[in-house]
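My questions all concern the structure below.
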Amino acid sequence: MASGVAVSDEVLRVFNDMKVRKTCTPEEAKQRYKCVTFCMSSDNKTIVQEEGTAIRVGDVGDAIPDPYAHFVKMLPDRDCRYALYDCSYETKESKKEDLVFFFWAPEDASLKSKMIYASSKDAIKKKFTGIKHELQANNKCDIKDRSTLADKLGGSSVISVEGMSI
C-alpha cells in the first residue's frame with residue numbers, strides 16, 4: 001500500500017460476492033454483479049465502489065444485450081478506474097467464466113489521477129486474491145473489440161467472448 005490508500009469493506013464484499021459462486025435461486029442469480037467499477041473516494045484516501053456503474057446479471061439481455069460493450073462505454077474518458085468484469089468466454093475445448101481485473105488509465109486523465117491510481121493498484125490487487133487475469137488499458141480502442149481481452153483470457157484458444165466470435 002505504497003500510496004497509503006485503503007480498500008473499503010464494500011469493495012471486498014463485492015469482490016467476494018463475484019468470486020464465490022453460491023447455489024442460489026434464479027432471482028438471486030440475477031442480482032449478482034456482471035461488472036462493477038471502483039474509484040477513489042472524494043478525499044483520495046479510500047478505494048470505493050463507484051455509484052451507478054455496475055451491471056447485474058439480470059440486466060443482461062433485453063436491457064443490455066452486449067454487457068462488454070456497455071462496460072467499455074461506462075469507463076470515463078478523463079479519469080482512471082479499477083473494475084472487475086465477470087467474463088463468459090469459450091475456448092476450443094470448453095466454456096468458461098473468469099473474473100478479470102481492469103486498470104483503466106486513459107491518456108486524457110490528469111497526471112495526479114494516473115499517479116494515485118497507479119500507486120494504489122497493488123493495494124486493491126492484494127485484496128483480490130485469486131484473480132487470474134489482469135488487463136491495463138489506456139485507450140478505449142485497445143479494449144472495445146474484445147481481441148485484447150481474448151488474448152488475456154487464453155490467446156488463440158479463445159473463440160468467443162460474451163457469445164460473440166473473436
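Bear in mind that the values here come from a model prediction, so they are computed numbers and not experimental data.
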Ion pair D98/K152, N-O distance below 4.0 Å: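 No.
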ILVMFWY network linking I116 to F102, side-chain heavy atoms under 4.5 angstrom: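 I116 and F102: separate clusters.
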Heavy atoms of other groups near D43 CG, more than 12 under 6.0 Å: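 For D43, atom CG is crowded (more than 12 foreign heavy atoms under 6.0 Å).
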Shortest non-hydrogen separation from I143 to A137 and the atoms involved: CG2-CB, 3.5 Å
Pair K112-M115, side chain to side chain contact (heavy atoms under 4.5 Å, CB included): steps then yes or no: CA-CA 5 Å; K112 180 180 179 181; M115 290 182 69; 5.9 Å; no
Donor-acceptor pair between E162 and Y85 side chains, under 3.5 angstrom: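 The criterion, which ignores hydrogens and geometry beyond distance, is satisfied for Y85 and E162.
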Single-linkage hydrophobic cluster, 4.5 Å side-chain cutoff, F71 and M164 together: no
Derivation and outcome, side chain to side chain contact (heavy atoms under 4.5 Å, CB included), residues L99 and H133: CA-CA 7 Å; L99 282 181; H133 309 287; over 6 Å; no
pair V100-L84: side-chain heavy atoms closer than 4.5 Å: no
Working for side chain to side chain contact (heavy atoms under 4.5 Å, CB included), residues K125 and I131: CA-CA 8 Å; K125 277 187 59 186; I131 294 284; over 6 Å; no
Modelled atom types, side-chain donor and acceptor of R56 and Y33, under 3.5 Å: yes
Hydrophobic cluster membership, I64 vs V57, 4.5 Å side-chain cutoff: no
F15-V48 co-clustered via ILVMFWY side chain contacts under 4.5 Å: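 In one cluster with F15: V48, no.
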Backbone of D86 reached by a side-chain donor or acceptor of K34 within 3.5 Å: yes
Carboxylate-amine/guanidinium proximity below 4.0 Å for R81 and E50: yes
Close side-chain approach of F101 and I124, heavy atoms under 4.5 Å: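 Yes, close enough: below the 4.5 Å cut-off.
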Charged N-O contact under 4.0 Å between E90 and K96: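 No, no charged N to carboxylate O under 4.0 Å.
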Closest non-hydrogen atom pair, C141 against N139: N-OD1, 2.8 Å
Side chain proximity check, P106 to C80, heavy atoms < 4.5 angstrom: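 Sidechains of C80 and P106: in contact.
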Worked check of side chain to side chain contact (heavy atoms under 4.5 Å, CB included) between I159 and K92: CA-CA 6 Å; I159 57 174; K92 295 172 184 171; 3.8 Å; yes
Other residues, nucleotides, ligands: >12 heavy atoms within 6.0 Å of K45 NZ: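 Not more than 12 within 6.0 Å, no.
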Basic-acidic side-chain contact under 4.0 Å: D77, K140: yes
Nearest heavy atoms of S88 and E97, plus distance in Å: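 Nearest heavy atoms, S88 then E97: OG-CG, 3.5 Å.
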From F38, Y82, W104, residue fulfilling ring pair (Phe, Tyr, Trp, His ring centres under 6.0 Å) relative to Y117: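 That would be Y82; it is the only one of F38, Y82, W104 passing the ring pair (Phe, Tyr, Trp, His ring centres under 6.0 Å) with Y117.
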Beyond-backbone contact of T37 with M74, side-chain heavy atoms, under 4.5 angstrom: yes
D17 bridged to R13 by N-O distance under 4.0 Å: yes
Sub-4.5 Å side-chain heavy-atom contact between Q49 and V36: yes
4.5 Å side-chain heavy-atom contact, H70 and I55: yes
Side-chain (S120) to main-chain (A123) donor-acceptor, under 3.5 angstrom: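 Such a contact is absent between S120 side chain and A123 backbone.
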Donor-acceptor contact present, side-chain S113 to main-chain S110, <3.5 Å: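 Between the backbone of S110 and the side chain of S113 there is no qualifying donor-acceptor contact (under 3.5 Å).
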Where K114 and E107 come nearest, the two heavy atoms and their spacing: NZ-O, 3.1 Å
Modelled atom types, side-chain donor and acceptor of D142 and T148, under 3.5 Å: no
Close side-chain approach of V158 to L149, heavy-atom, < 4.5 Å: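 No. Closest side-chain heavy atoms not under 4.5 Å.
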Co-membership, hydrophobic cluster, residues L75 and F103, 4.5 Å side-chain: no
Within-4.5 Å side-chain heavy-atom neighbours: V161 and C87: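 Answer yes - side chains close enough.
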